[in-house]
Amino acid sequence: MMVSRGLFGWSPPHVQPLTPVSEVSEPPESPSPYLDFGAETSASQQVEAEEEMEEMEDIEPPPAAVPFSRLFACADRLDWFLMVVGSVAAAAHGTALVVYLHYFAKVIQVPQQQDQFHRFKELALTMVYIAGGVFVAGWIEVSCWILTGERQTAVIRSKYVRVLLNQDMSFFDTYGNNGDIVSQVLSDVLLIQSALSEKVGNYIHNMATFISGLVIAFVNCWQIALITLATGPFIVAAGGISNIFLHRLAENIQDAYAEAASIAEQAVSYIRTLCAFTNETLAKYSYATSLQATLRYGILISLVQGLGLGFTYGLAICSCALQLWVGRFLVIHGKAHGGEIVTAMFAVILSGLGLNQAATNFYSFDQGRIAAYRLFEMISRSSSSFNHDGSAPVSVQGNIEFRNVYFSYLSRPEIPILSGFYLTVPAKKTVALVGRNGSGKSSIIPLMERFYDPTLGEVLLDGENIKNLKLEWLRSQIGLVTQEPALLSLSIRDNIAYGRDTTMDQIEEAAKIAHAHTFISSLDEGYDTQIGRAGLTLTEEQKIKLSIARAVLLNPSILLLDEVTGGLDFEAERSVQEALDLLMLGRSTIIIARRLSLIKNADYIAVMEEGQLVEMGTHDELLTLGGLYAELLRCEEATKLPKRMPARNYKKTAAFQIEKDSSESHSCKEPSSPRMMKSPSLQRISAVFRPSDGFFNLQESPQVQSPPPEKMMENGQSLDLTEKEPSIKRQDSFEMRLPKLPKIDVQSVHRQTSNGSDPESPVSPLLTSDPKNERSHSQTFSRPDSYSDEFSMKMKETKDAQHRDQPSFWRLAELSFAEWLYAVLGSIGAAIFGAFNPLLAYVIGLVVTTYYRIDGTHHLRGEIDKWCLIIACMGIVTVVANFLQHFYFGIMGEKMTERVRRMMFSAMLRNEIGWYDEEENSADNLSMRLANDATFVRAAFSNRLSIFIQDSAAVIVAFLIGVLLHWRIALVALATLPVLCVSAIAQKLWLAGFSRGIQEMHRKASLVLEDAVRNIYTVVAFCAGNKVMELYRLQLNKIFMQSFLHGLAIGFAFGFSQFLLFACNALLLWYTAICIKKSYVDAPTALKEYMVFSFATFALVEPFGLAPYILKRRKSLISVFEIIDRVPKIDPDENSALKPPNVYGSIELKNVDFCYPTRPEVLVLSNFSLKVSGGQTIAVVGVSGSGKRTIISLMERYYDPVAGQVLLDGRDLKLYNLKWLRSHLEPIIFSTTIRENIIYARHNASEAEMKEAARIANAHHFISSLPHGYDTHVGMRGVDLTPGQKQRIAIARVVLKNAPILLLDEASSSIESESSRVVQEALDTLVMGNKTTILIAHRAAMMRHVDNIVVLNGGRIVEEGTHDSLVAKNGLYVRLMQPHFGKALRPHRLI
């Protein structure tokens, strides 16, 4: 049988998933290892277990797991010794509470004995001994299990890492090399650690309680024990039945919220469309409506919870009454005395609790076994399939030959990379490989390094097939310098040595040759400076110099260079090139080149096409030939760009750095951080264009077929991505990534410098994005120098300090004022239920003292009947009180959650578009915050209030009973309260932080590993795997020492908090004895008071135990109110703004400077002016990233310019009401669902108007042919339609809206040619009206219909005129319109 926390300070975990007032809404962050029976943590564990079990139900078949014993596969003798000692201590700790109960029976008998004072004193001393035993046992238990867990998982970690670093490259191609494999290990190992340390100890502890409880109960009074056991199933059933309903409802509420969540996610993902059509109100309405279903289920859950808990507690109390009533017969017939009856009753209760707590660990055991299966399977994998034996010639000439090589990557065998490739590199000569993207040139390096073997053919070094050479020897002969230097999170010295045993002199010498010594020496810590994600961020130039120094140190015979200087500015490029020239002297060198101007001096240039060698010769020979090389060179010349201005002039070095940053656009390689792929601004475009190479984004070129599959990005994502969702993917975030003007415009620099000091200026440092984010973009651009990094960091901190105040309790209360009546009813229920705790203890005390009265059987019977009846009535009232408490507080909480979600969502939609560009405001993050953070507000208020009232009532009633019985004992009991509170808080805090500190250290240790996996090619090329392994081991040893001390400290605190609990009880007993001795109070009264306070203690302590949770959730609360209180920079609802009745439609951009808020370093438009008269149609064309889409964003007023003005009909856009303005502009951006989609623009449109619009857009025919016609539901991302169909629906929407100004982004390069023609006709119809139209165009077909064409490059207008006049000029426009142009240079896949 189980009894609640509410009654005796212990709570039945089997009913815990019901209690909203426990910590259910937020399980502790690390499942806490060892619990007293104070309920919270058990509750949350149980809930976690329940929820996870639900999820598990869906998965068929169950995931593979190892047998439980395999978890200990890595234990040595010391571990077994620690586990045995830990188990004994856990068992001893578990039995302590039950042993205390046994002595409690003896305390109850004392009033019947002589020399009561001495007997009481003896028993008090015994309690102190128990407390001491608990302290030692708790300390040993926690310390031993923490220690052995850390030791065993360290072995698993090392084994895994060794196997991982020895895998061949195809493994990383298949599973990705972005560090996820490492983080997966980390989480799996933590699951194993939790299972084999914390949870095993916890399980043994609780099973000991279960067994000893039963033993003590039967020893004391077997009759009562049996009755208690017999009533148990009814109580369990009450909880169990309500749990079944709760599970069903929990699933329903998730489904219901999923709908609301998808509405929110769509709104946030397509925020531009939403704003463009001024449909924020509609989105808010839809979201609020769909939240109603969640609210209904939430209220049902509260109802079931209230009834379930009420019946569970009620039956438990009635069961007490029954046992005490039966006890009467046993006492009358001399079969037992009062103390034994009470002890037997509580011992069974404790034993049931123990069993239940033990059961909560099974989920963790299962998780651990599943995780262990994954890890052990990996550990048992065979490592690299390459033969590490072979010959190692004494000297190397350096003649390299590729003979009839066929090759495709194992992860994509169907795509041929090389087919019949021949190449000879004479010794000590330099050969540069060039070719379009996807021609296969990048695969030469991995074949030469023997990361892969060719499918057919052979690679020869000095006439010997490299398969016959010793692998490590071969790699030691090759120096590799890549475009993205692979740096580990270590010191500079370690990064240059990279696994080699070298002296400091050698390292310095290498650094000097690589021109790196000067900058390293200028750093405070010189060669010992930490770099990488955990340390200093270097510029690209500095990184490349380090990787050159690394190659110098290796002193290789062969050099492989992968477009090393591509991303540098002129100064840096010159400096690096000098270092490279030194390095290349007398070595056979293969250069993979993308910038043809850099390789004119190579001995030979080999041109590749579709995996074959098509031309070879010197630069001049190939030009004379006039083949592919000459064409590639022409394309490159055409797209040479003016250099882009930096937005601020920092120090001189910084200015260079910025230049370099923005030009560093060609880097399509897997970003150096997994966050980069997720960052919203970076996800928008997958085909990145680097101007000076002329790598065109496909969208820019007319009639391009989609790229063949080999043009894939590093992570296997197709470059087609951009085209599949045309304009939602904005390129503007990348538009800054271009080189800049060689001449620096003094005025604008001056203007910007002054801006720098003005805190309000849009480029002021306040706006610089968070350096943490910046680091994750390290590939795109690195910080100018450490000065500005620190600076923006400080600014960020002050900004945080300003905003991040904990919302006051009053603010939370205001949110739920509307539900004050529910709060009152709930509080009444909570107060009654809380008060019953000490009252029940008092009544049981009365019954027990009655047992010992001698005044006749009849009187005894009547008295006991009366008290048992009262207890039974309390049981019935408990049902009602619990129902009131949980149902009404539940309603209040649900309504509060719903209200907070609505407020957050409205606040989100109010923000300007720039806010969504920040990484922390991505659609995923915002959806998550809507889903989770709102529930924390409820947990922080209504759940807390409920517990607070319940426990306050218990404290007050206990104190009143105490004062009425005898004030002295009450005061002593009150005095122990602070000590108990400290104990409860300490215990909760220590357990919550139990593995947190260690986890953080493991995360840092894994940084080295993640870097290694991310840069696995370089690590393998330099044979540095063992070095990484050694470094990781070193980190593990450090962690082990700390976890040893950590374990001892936690064990001590845990044991001590348990000690205080028992010691305070002993103190109270000792003082009771003194009061009896001095005749302040008679024994029966003293005994009643002692019982009341023994039982009430737990309830008194509980609210203080909640403190850590309240603190822990502050962050979420802050984030909620941060969103709600944010003032948007561009206010959409300003009513005083202009709303003119009609619009003529002339648009002008006047001297506009603009940079994106997330990238203030880079000016996208610089002193840009453009004028469009009313009714005129203008086409904007330009290379990718020249700022075309930025113009539309400025007109829609998604952003405001940094300087200059955007005018509509001669007035600044800022003067117009934002919603009015957007209702008169018409962008085409695509989000989908057919009928709603077309009428999205005008909700009051009739069916006929809608169909007419669809006809004009050439869409009616295909919509009618769909099974459900206009009611066809198109998924959130528009899965069912082709891009052409989506576009026609979007055009229909525009036709229906009929706005005077049309902003058209014709992203039709992704549309198949048949569709393209249909869309073209629709667009023509649209443009031919008399609207002012700005068209971002990609195809020549559109150009003949426009009044004027503007050609952009680098944020400036470089050509302007009609189609014919621009063709006559034969400039950039002509190049842009050439069909083969984009095809020639596609973004390129790096190894």
Got a sec, which pairs hit ring-ring contact (aromatic ring centres under 6.0 Å, His included) with one end in residues 585-627, sequence neighbours left out? His619-Tyr629

Show every ring-ring contact (aromatic ring centres under 6.0 Å, His included) that has at least one partner inside residues 538-561, sequence neighbours left out. none

Could you tell me if the side chain of [Y] sits less than 4.5 Å from the side chain of [X], heavy atoms only?
X       : Y       : value
Leu461  : Asn399  : no
Val396  : Asp462  : yes
Leu1031 : Lys1027 : yes
Leu628  : Arg436  : yes
Ser547  : Thr482  : no
Glu449  : Pro446  : no
Ile445  : Ile590  : no
Tyr527  : Ile496  : yes

By side chain to side chain contact (heavy atoms under 4.5 Å, CB included), Ala630 pairs with (sequence neighbours left out) Leu623, Arg634

Listed partners of [X] passing salt bridge (charged side-chain N to carboxylate O under 4.0 Å, His left out), at least two apart:
X       : result
Arg1033 : none
Asp528  : Arg493
Glu621  : none
Glu508  : none

Any salt bridge (charged side-chain N to carboxylate O under 4.0 Å, His left out) involving residues 413-426? Give me the pairs, sequence neighbours left out, ordered by first then second residue.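 Matches after skipping sequence neighbours: none remain.
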
Could you give the side-chain donor-acceptor pairs of residues 418-434 under 3.5 Å, partners two or more places apart or in another chain?
none

Donor-acceptor under 3.5 Å (Gln167 side chain, Val163 main chain): yes

Determine yes or no for a side-chain-to-main-chain donor-acceptor pair under 3.5 angstrom, with Arg475 supplying the side chain and Arg450 the backbone.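 Yes, Arg475 side chain to Arg450 backbone: donor-acceptor pair under 3.5 Å.
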
Once rounded to the nearest 0.5 Å, what's the spacing between atom CG of Leu447 and atom OG of Ser442? 11.0 Å

Please verify the inter-ring angle class for Tyr452 with Phe407; under 30° counts as parallel, over 60° as perpendicular, anything in between as tilted.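 Rings of Tyr452 and Phe407: tilted, 30 to 60°.
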
Taking only residues two or more places apart in sequence or in another chain, which ones pass ring pair (Phe, Tyr, Trp, His ring centres under 6.0 Å) with [X]?
X       : value
Phe1022 : Tyr498
Tyr1032 : none
His515  : none

